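Just below is one structure, and these are the notes that go with it.
Fair warning: this is a prediction, and the values are worked out from it, not measured in the lab. Heads up: numbering here begins at 1 and tracks the sequence.
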Amino acid sequence: MGRQRRKDTDFPRARLDSGAIAEVRPSEFGSGYEVIVDGTPQSHVDLADPTYLAFEYVARMGAVIDQLPAGPISAVHLGAGGLTLPRYVAHTRPGSRQQVVELEQSLVDLVRAELPLPRDAQVRIRVGDARAGLGRMPPAMRGSVDLVVSDVYSGAQTPAHLTTVEFYREAAALLAPGGVLLVNVADGAGLAFARRQVATVRDVLPHVAILAEVQVLKGRRFGNLVLAASARELPTEWLPRLMAAGPHPAKVAEGAEVRAFAGDAAPATDADATASPKPSERLFE
């Protein structure tokens, strides 16, 4: 007899404080597992190969991380999901010290139980709001962190208070002089939200590159754009390396292209920010 299809209720799950249901399911698109929150895939984790980054935008973040100076780094991750990038950093840069801030204790518990971190991974998880978590980082970390990753979603949207100049100033305050901020921005046709996010990040960190799939960057379909930003000019040799790293078809915009992309968009502030646009429910079918 053929193997019976598992019922949805057979998968490990947890109810979050928001009321959403988080699940860990075997991936339908290759090896590993996916963390799914109310039908939205949040993370992909391959316990056997932490270097396998299945989601395109995460692979682009990984490509940027690979360009940082060799050796262990210090990193702060806002938003835990399945802890995909902390696992990647721990594997590719042994000895790295990492902090993760996640709002949902029950999600942390689910991931720890079903997708445990390697024992030698130096990853500390703090439970709480991402922005509040920035303020609770040890004072010694200010100005010394190599990497800050902002990839926070409530359901399928980034909360408004994590999209503002004031928020990015708090994140940038942790960065070492050559440190890099990575931001996951989701947007669709017209890219109004993404353009404003680029303007907002550039108001805090002047050197910004945008990595995205070509059709997403043109605003032809909903998708993810990765912003890489720093107080210092991003090394020019990064561009061909990031292009070659894929996924393809890829586009890396920098300099004048980034300024043209932002156009006359005004930076978002705590007084006027909005959450990221909600994708169509059909997007993840």
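Here the closest non-hydrogen pair linking Ala90 and Ala121 is CB-CB, 3.9 Å. The two residues Ala22 and Leu110 come nearest to each other via the heavy atoms O-CD2, 3.7 Å. Pairing each heavy atom of Leu205 with each of Ala172, the nearest pair is CD2-CB, 4.0 Å. Shown here for Ala229 and Val208, the closest heavy-atom pair between the two residues is CB-CG2, 3.9 Å.
Proximity of a side-chain donor or acceptor of Ser230 to a complementary backbone N or O of Gly179 within less than 3.5 Å is detected. A distance-only check finds a donor-acceptor pair linking the side chain of Arg195 to the backbone of Phe261 [under 3.5 Å]. Side-chain N or O atoms of Asp38 include one that pairs as donor or acceptor with a backbone N or O of Ile21 at under 3.5 Å. Side-chain N or O atoms of Ser96 include none that pairs as donor or acceptor with a backbone N or O of Pro72 at under 3.5 Å. Side-chain atoms of His161 do not come within 3.5 Å of backbone N or O of Ala273 as any donor-acceptor pair. A donor-acceptor contact shorter than 3.5 Å links the side chain of Glu102 to the backbone of Glu104. The backbone N or O of Leu134 sits nowhere less than 3.5 Å from a side-chain atom of Glu170 that would complete a donor-acceptor pair. A donor-acceptor pair under 3.5 Å is formed between the side chain of Thr158 and the backbone N or O of Val152. Without hydrogens or angle criteria, Arg93 side chain to Ile65 main chain gives a donor-acceptor distance under 3.5 Å. Side-chain N or O atoms of Ser276 include none that pairs as donor or acceptor with a backbone N or O of Gln157 at under 3.5 Å.
Counting heavy-atom neighbours within 6.0 Å of Arg126 CZ, excluding the residue itself, gives a total above 12.
For the pair Leu227 and Val198, the minimum side-chain heavy-atom distance is below 4.5 Å. A 4.5 Å side-chain heavy-atom check between Val24 and Phe11 finds every atom pair outside the cut-off. Two residues are said to be in side-chain contact when any heavy atoms from C-beta on lie closer than 4.5 Å; Phe193 and Thr163 meet this criterion. Looking at heavy atoms from C-beta onward, Arg196 lies out of side-chain contact with Pro267 at the 4.5 angstrom threshold. At a threshold of 4.5 Å between non-hydrogen side-chain atoms, the residues Asp66 and Tyr88 count as touching. You'll find the side chain of Pro177 reaches within 4.5 Å of the side chain of Arg232, heavy atoms only. For the pair Asp151 and Tyr153, the minimum side-chain heavy-atom distance is below 4.5 Å. In this structure the side chain of Asn184 never reaches within 4.5 angstrom of the side chain of Val149, judged on heavy atoms.
A cation-pi geometry, defined here as NZ or CZ lying under 6.0 Å from the six-membered ring centre and within 45° of its normal, does not hold between Arg25 and Tyr33.
Defined by atom type and a distance below 3.5 Å, a donor-acceptor pair is missing between the side-chain atoms of Gln98 and Arg124. Between the side chains of Asp203 and Tyr168, no donor-acceptor pair is found at a separation under 3.5 Å. Between the side chains of His91 and Asp49, not a single donor N or O lies within less than 3.5 Å of an accepting N or O.
With values rounded to the nearest 0.5 angstrom, Glu34 atom CD is found 11.5 Å from Thr40 atom OG1. Of the inter-residue distances, the one linking Leu103 atom CG with Asp17 atom CG reads 7.0 Å to the nearest 0.5 angstrom. Note that CD of Glu23 is 12.0 Å distant from CD of Gln42, once rounded to the nearest 0.5 Å. Here the CG-CZ distance, from Leu47 to Arg87, works out to 6.0 Å after rounding to the nearest 0.5 Å. For the atom pair Leu162 CG and Ser150 OG, the distance stands at 6.0 Å (nearest 0.5 Å).
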For side-chain hydrogen bond (donor to acceptor under 3.5 Å, both in side chains), just list the numbers for Asp272 and Thr269, CA-CA rounded to whole Å, side-chain angles, deciding distance to a tenth of an Å, and then say yes or no. CA-CA 6 Å; Asp272 61 14; Thr269 70; 3.1 Å; yes

Between Met61 and Val183, is the side-chain contact (heavy atoms from CB on, under 4.5 Å) condition met? List the steps. CA-CA 9 Å; Met61 286 184 164; Val183 183; 5.9 Å; no

Check against side-chain contact (heavy atoms from CB on, under 4.5 Å), Met137 and Val101: CA-CA 10 Å; Met137 293 292 165; Val101 183; 3.5 Å; yes

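A salt bridge is defined here as a Lys NZ or Arg NE, NH1 or NH2 lying under 4.0 Å from an Asp or Glu carboxylate O, and Asp270 with Arg131 meets this definition. With salt bridges taken as basic N to acidic carboxylate O contacts below 4.0 Å, one links Glu213 and Arg221. Comment: Arg259 does not engage Glu254 in a salt bridge, judged by the lack of any side-chain N to carboxylate O separation of less than 4.0 angstrom. A salt bridge does not link Glu237 with Arg241: every distance from a Lys NZ or Arg NE/NH1/NH2 to an Asp or Glu carboxylate oxygen is 4.0 Å or more.
The only option from Leu117, Leu83, Leu78 that meets the side chain to side chain contact (heavy atoms under 4.5 Å, CB included) definition with Val100 turns out to be Leu83.
Between His44 and Phe55, the ring planes lie tilted relative to each other; the angle falls in the 30° to 60° range.
Cluster membership for Ile73 and Leu182, using ILVMFWY side-chain heavy atoms within less than 4.5 angstrom, is shared.
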